[in-house]
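Heads up, the thing below is written out as structure tokens.
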Number of protein chains: 2
Amino acid sequence: MAQIKDVAHQAGVSVASVSRVLAGHAGVSESIRQRVLAAAQALDYRPDLAARRLRSRRTDTIGLIVSDVRNPFFTEISRAVEDVAYQNHFRVILCNTDENPEKEAFYLDLMRDENVTGVILSPTLALLADFRSADYPFPVVLVDRCDRDTAADAVVLDNVDAAYRLTTHLIENGHPRNVLFYGAASATGCQRREGYMAAMAAHGLEPQVEAVTATVDHARSAAHKFFCRPPHPEALIASNGLILLGLLEALREVKIKVPEQIALTGFDDLPWTRLVEPGITVIAQPTYDIGQAAIELLLQRIAQPAQAVRRVVLRGELRERDSSKKRNARR
Amino acid sequence: MAQIKDVAHQAGVSVASVSRVLAGHAGVSESIRQRVLAAAQALDYRPDLAARRLRSRRTDTIGLIVSDVRNPFFTEISRAVEDVAYQNHFRVILCNTDENPEKEAFYLDLMRDENVTGVILSPTLALLADFRSADYPFPVVLVDRCDRDTAADAVVLDNVDAAYRLTTHLIENGHPRNVLFYGAASATGCQRREGYMAAMAAHGLEPQVEAVTATVDHARSAAHKFFCRPPHPEALIASNGLILLGLLEALREVKIKVPEQIALTGFDDLPWTRLVEPGITVIAQPTYDIGQAAIELLLQRIAQPAQAVRRVVLRGELRERDSSKKRNARR
DNA sequence: TTATATTTTGTAATCGATTACAAATATTAC
DNA sequence: GTAATATTTGTAATCGATTACAAAATATAA
């Protein structure tokens with residue numbers, strides 16, 4: 001494996017010149033430039049990244065910490081982050097916390113050890129509580145989850161607004177008695193709950209919420225239990241795609257028909273929501289855009305460490321399908 | 001940030017002793033051991049990974065190169081790889097090739113630059129052609145794709161067998177005139193084609209195959225065109241989950257009813273395949289297991305660089321659903 | 001007790017780049 | 001043509017660990 005001194009020797013210059021040429025620094029003559037480039041090419045020289053990182057104290061690596069990359073929302077985020085990262089010559093280290101604050105802390109420590117250039121984080125509720133990016137030795141951009149007063153860069157959906165619109169849609173379509181199943185362990189779930197409450201209040205309706213763990217299995221069993229004690233509501237709202245799937249499975253188990261007996265809606269426009277019969281009305285999140293905005297914000301922050309804290313808020317899109325079809329007021 | 005000499009000073013020992021204690025090497029007295037541990041704790045010492053990697057020439061990093069992490073098959077693989085990797089104190093660098101040999105080559109070069117300890121790779125057809133792990137400066141384990149004579153560790157599904165069984169299932173359920181839509185750009189697709197051909201031949205039937213690019217959109221438009229020129233076959237087989245989804249969408253567009261007018265089957269037991277009406281008959285792949293087996297094989301290879309090349313072959317499971325319901329022979 | 005083998009500990013070289021600083025060279029001003 | 005300045009180049013220090021080797025301490029054998 002050729003190293004810098006071999007290139008220097010081959011080109012008949014000093015190692016400093018080689019380094020300068022390869023780093024693209026100014027102030028090096030064209031003749032040396034050419035000789036170095038030729039030599040590097042000839043020897044198939046590749047700089048040793050460990051050595052470079054030790055001396056330069058930069059790793060050009062960014063950490064991506066999410067709850068589970070298998071959640072389609074985060075799958076898409078990951079892809080967006082990697083696309084933009086690699087375009088900018090950064091590596092990505094991917095970590096799954098499973099909403100476990102200990103794993104989260106472990107990975108944040110790991111990020112420090114790796115001396116990453118920055119981190120994109122979807123924090124647990126516990127960590128978000130008094131999160132300040134200033135507490136970390138690297139820039140952090142929050143993604144998907146963020147409180148109103150969090151002192152950190154963030155890219156999020158306007159959850160309150162989206163839940164408000166989804167709930168209003170149900171009410172206006174003749175489903176005033178509806179129930180929200182929300183993931184209580186994430187800030188996102190709580191904000192969607194907030195929007196739901198606001199919409200219900202605005203229409204003078206009694207809200208009803210069920211806190212669940214945001215997994216398909218838990219949502220299904222919780223909903224199953226829920227349906228064992230009538231009366232049944234007129235509509236359901238799921239605060240994310242996993243819960244939505246769990247609800248649908250539970251409805252099938254107890255043979256409650258959508259939309260005849262109950263309307264079903266939720267967040268995340270996953271492929272299956274438009275394939276099932278009836279199609280499910282959802283709030284579509286611009287997931288790739290969210291990931292892209294997050295990494296771009298992080299790169300900006302890296303370039304401008306002192307710039308003011310920024311928040312990017314994206315709007316969800318209501319996709320009306322048959323699962324929330326209009327219905328005449330009952331009774 | 002405390003460094004090793006600070007710990008050494010605090011503990012009143014040499015840096016060598018600190019390094020030895022922290023690396024867990026034998027031949028260090030219990031008294032020094034304790035003092036070092038206490039000092040490291042007190043100073044919250046974390047070794048600098050760049051320095052360690054430069055000197056030790058080990059990175060404890062593994063590369064995962066797949067076509068697209070958004071393909072649910074690879075999503076699950078990624079998660080399995082990361083789980084096992086982190087349990088063994090390895091980092092994971094994730095790369096998406098989009099089936100593009102140039103991106104693939106770029107990332108393999110990157111892996112060399114990063115001096116990774118090993119790589120898990122789902123190769124493009126082009127790369128697989130004469131792939132030999134001996135050509136790379138790091139151990140490589142292939143995943144999902146591998147030819148019969150490839151000289152490399154690999155973890156794959158028994159594709160020929162699975163396609164054979166799926167095809168036979170269709171034939172035995174009264175669907176002799178069936179068509180395979182397969183991803184021609186991957187070894188997996190080609191092997192599934194092979195199993196399909198074998199099953200058709202075994203029953204003296206005329207095979208019919210359509211090569212497509214393995215994306216939802218392309219499969220949909222290819223199928224759409226296909227259905228514009230009758231006669232229509234009795235059944236369809238998709239060589240993976242993306243193509244399967246594309247076929248279903250096309251069938252809906254041209255309003256061909258499943259299973260009344262046509263049977264639909266394929267690979268990959270994705271959530272939606274059992275949610276749609278009718279449920280889709282599929283070959284379920286043990287995806288998490290495949291990923292887990294791959295990383296475990298890689299770790300073995302790292303520990304035993306000279307061991308014989310191994311291949312792990314897993315069996316797919318046929319999940320019969322209503323989309324391939326039994327039908328009396330026509331005519 | 002002394003000589004030898006063994007274990008423990010410390011000193012200093014090393015990994016392979018980047019970069020501060022000094023030296024050499026070229027340019028400009030007078 | 002000389003002095004002052006700007007530019008280019010090279011030498012050597014540096015990043016922070018690991019580890020080869022030497023030295024010191026301890027254990028074992030005679």
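To find a chain, count down the sequence lines: A is the first, B the second, and so on, and within it residues start at 1.
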Considering only side-chain heavy atoms of [X], which listed nucleotide, [options], is closest?
| X | options | value |
| --- | --- | --- |
| A:Ser14 | D:dA17, D:dT11, D:dC15 | D:dT11 |
| A:Val15 | C:dC15, C:dA17, D:dT11 | D:dT11 |
| A:Ala16 | C:dT18, D:dG10, D:dA17 | D:dG10 |
| A:Ser17 | C:dG16, D:dA20, D:dT9 | D:dT9 |

Sorted by chain and residue number, the salt bridge (charged side-chain N to carboxylate O under 4.0 Å, His left out) partners of A:Arg70 (sequence neighbours excluded) come out as A:Asp68, B:Glu76
In sequence, state the C-alpha distance, the side-chain angles, and the governing distance for B:Arg91 and A:Asp113, and then conclude on salt bridge (charged side-chain N to carboxylate O under 4.0 Å, His left out).
-> CA-CA 12 Å; B:Arg91 328 265 166 278; A:Asp113 293 352; over 6 Å; no
Between [N] ([atom2]) and [X] ([atom1]): distance, integer Å:
| X | N | atom1 | atom2 | result |
| --- | --- | --- | --- | --- |
| B:Asn115 | C:dC15 | CG | C1' | 12 Å |
| B:Arg53 | D:dT19 | CZ | P | 14 Å |
| B:Asp60 | D:dA17 | CG | P | 16 Å |
| B:Arg46 | D:dC15 | CZ | C1' | 20 Å |
| A:Leu54 | D:dG16 | CG | C1' | 6 Å |
| B:Asp48 | C:dG16 | CG | P | 17 Å |
| B:Arg57 | D:dA17 | CZ | P | 16 Å |
| B:Tyr45 | D:dA17 | OH | C1' | 6 Å |

Answer yes when A:Arg145 and A:Glu99 have at least one side-chain N-carboxylate O distance shorter than 4.0 Å, and no when they do not.
-> yes
Flag the pair A:Asp48 and B:Arg57 as a salt bridge only when some basic side-chain nitrogen lies within less than 4.0 angstrom of an acidic carboxylate oxygen.
-> yes
Identify the heavy atoms of A:Leu128 and A:Pro123 that sit nearest to each other, and give their distance.
-> CD1-CG, 4.0 Å
What one should report as the nearest heavy-atom pair of B:Ile65 and B:Tyr107 is CD1-CB, 4.1 Å
Any donor-acceptor pair under 3.5 Å joining the side chain of A:Arg52 to the base of C:dT18?
-> no
Should B:Glu114 and A:Arg53 be marked as a salt bridge (charged side-chain N to carboxylate O under 4.0 Å, His left out) after you check the CA-CA gap, both sets of side-chain angles, and the distance that decides it?
-> CA-CA 11 Å; B:Glu114 288 281 349; A:Arg53 286 168 179 164; 2.9 Å; yes
The reported gap from CG in B:Leu125 to SG in B:Cys190 (rounded to nearest 0.5 angstrom) is 5.5 Å
A:Ser56 side chain near C:dT18 phosphate (N/O to OP1/OP2, under 4.0 Å) | no
Show your working on salt bridge (charged side-chain N to carboxylate O under 4.0 Å, His left out) between A:Asp60 and A:Arg52 and close with a plain yes or no.
-> CA-CA 11 Å; A:Asp60 292 349; A:Arg52 165 182 296 183; 5.7 Å; no
Using a cut-off of strictly less than 4.0 Å between a heavy atom of the residue and any atom of DNA chain C, enumerate the qualifying residues of residues 4-13 of chain B by number.
-> B:Val13
Specify the residues of residues 20-39 of chain B, ordered by number, for which at least one heavy atom lies under 4.0 angstrom from an atom of DNA chain C.
-> B:Arg20, B:Gly27, B:Val28, B:Ser29, B:Ile32
